[in-house]
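Comments concern the structure below.
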Number of protein chains: 2
Amino acid sequence: MEVLDTVIVGGGPAGFAAGIYAVRSGLRAIIIDAGSSMAMLSPWIENYPGFEGIAGSELLDKMRKQASEYIEIREFENVDQISKGGEIFIINSSKEDYRARSVIFATGASHKKLGIPGEDEFVGKGVSFCATCDGFFFKDKRVVVVGGGNNAATEAIYLVTLGADVSMMHRRDVLRAEARLQTALEEKGVNIIYETVVEEILGEVTVKSLSLKNVKTGSVSEMLVDGVFISIGEVPNSELARALGVDVDNTGYVKTDRYQRTNVPLVYAAGDLTGGFRQIITACSEGAISAKSAYKDLMNPYWV
Amino acid sequence: MEVLDTVIVGGGPAGFAAGIYAVRSGLRAIIIDAGSSMAMLSPWIENYPGFEGIAGSELLDKMRKQASEYIEIREFENVDQISKGGEIFIINSSKEDYRARSVIFATGASHKKLGIPGEDEFVGKGVSFCATCDGFFFKDKRVVVVGGGNNAATEAIYLVTLGADVSMMHRRDVLRAEARLQTALEEKGVNIIYETVVEEILGEVTVKSLSLKNVKTGSVSEMLVDGVFISIGEVPNSELARALGVDVDNTGYVKTDRYQRTNVPLVYAAGDLTGGFRQIITACSEGAISAKSAYKDLMNPYWV
């Protein structure tokens, strides 16, 4: 079995960028793409430099096609396990086994969902998981941020600063967000609805209202809104990396240095998996840098 | 005079990305664009994710147009000086004075040139200043890397690894590149031509040969080549930042943390000015991150 220079795990912006840069620098590499990048869920992207506006799925297709000019992409293939045998990484996928001298993890993260009617149906039509991505469409609109943690508070502050009419909705009677953020919410005039859950997201073409239930009294009500930002958490897909001994932070995101190196030699990570800003542009940049670092480490191990 | 939230100095990929993200997050900002981004010099770019192939000037135009949807771009305007008066930065340009609460430097870098006939004429037609950008076009081709420092050696190793037939040419009788890189050059079989300078780059549509002169003997000769990579140094455009007290490394590149913050509060830097990988994708990512950091620092000074 051939030993590749690097196997890139993940077919999102980080993985495709890593693939383009890896093969263009002379590395023998493949991408294993499970076909579940979160970029596909972004209905409309206006902040990726170079495109005034493009659907996430279309941008991802462009990147996939571009990468495939250089690198073999194993599509709809899941990696089950990665282990180390001597100096070689062994990658067992749902279809095949690979051997490689290095591994680039670009496995992304997943949004936690509410699991209620209307949530999937209205994604991109009023339902969003990212204020930085979609907030701009909700200036002067009425929106609800669902969640009570730091991320939800940050999303709410971002949206109110943009000029949206923002309420936060939390199922408990107290927010988990840190005190400073709670002060900021107060200063910015964000209305907080406690002990309430969304039972259904209603609309026609786009979101029109939320069906709510007070968890204490059991009373139900309807609230007119233009958008709902679901911010109840995100889970980095870091199991494979952790199993290889890669360090993660206390929320599970893989820790890297500026060059996308992890604590395990010849193992790199890029994109949402590493936390941070979690934008397509940053994922691509990290992917490119991870490939450059792999190139340097493999070709010239004495380089900085 | 209105006090802006941020002034972005520089109209290249980093500046435009910063502008898009700054205004979309609610900051009042402008871009001051001298119109001299190095991205314009890249004849053909294949490694910016999203575009299989695009001229640097066209990609830059797309980014400028996209940014201009959100932010005012002062074109062909040079910044002469930036100073601080109390809590406010005062930006004096060739046309106007501005006041801002923060500054994002995206002033880029400039390649040093040989200053010989044919150098400007054949840029993108065999003359290149960046192996990572253009090396892929020279697989199995004969190329010369001009220079004797670490960068030149790195470029030569990159090109030979890609499969090009590479010579290095240096005007002195010894390379400045560090010993380890010289060992790598030897291992990779890179031919080094000492005490020789290029006097002219010759060709028709593309580069065909170099007119050489031995600086010791004065003898002249002609060498057939497909490409010439000029790697005699790069100068970061960091004067304005340094005048504000921003720390630079020993080669003049601005030092930043991962969030693109410099040592001076509310002063950020992004793109080639900060050294590193110096790719359009990394510049854009750094621009976006710098805007996010400015947003956080201005809006919520107690956030991490």
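Just so it is clear: chains get the letters A, B, ... in the order the sequence lines come, proteins before strands, and each one is counted from 1.
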Legend entry - From CA spacing to verdict: side-chain contact (heavy atoms from CB on, under 4.5 Å), B:Lys296, A:Thr154: CA-CA 10 Å; B:Lys296 282 191 170 182; A:Thr154 305; 5.8 Å; no
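- Residue contact with chain A, scored on non-hydrogen atoms closer than 4.5 Å, involves the side chain of B:Tyr21 exclusively.
- Counting heavy atoms from C-beta outward, A:Phe277 and B:Ser285 have side chains that stay 4.5 Å or more apart.
- Between chain A and the options B:Asp257, B:Ile280, B:Leu27, heavy-atom pairs under 4.5 Å are most frequent for B:Asp257.
- The nearest pair of heavy atoms linking B:Tyr295 to A:Thr161 is OH-OG1, 3.8 Å.
- Looking at heavy atoms from C-beta onward, A:Ile20 lies out of side-chain contact with B:Tyr48 at the 4.5 angstrom threshold.
- In this structure, A:Phe136 and B:Tyr70 have perpendicular ring planes: the angle between them is above 60°, well past the 30° mark.
- Your options are A:Leu162, A:Ile289, A:Asn47, and the one with the most heavy-atom pairs under 4.5 Å with chain B is A:Asn47.
- For the set B:Gln66, B:Arg64, B:Glu286, B:Lys62, the entry with the most heavy-atom pairs within less than 4.5 Å of chain A is B:Gln66.
- Among B:Lys65, B:Glu69, B:Glu46, B:Met63, the residue with the largest count of heavy-atom pairs under 4.5 Å with chain A is B:Glu46.
- Residues A:Leu59 and B:Gly50 approach most closely at CD1-CA, 4.4 Å, considering heavy atoms.
- Residues A:Gln279 and B:Lys292 are not in side-chain contact: their nearest non-hydrogen atoms beyond the backbone lie 4.5 Å or more apart.
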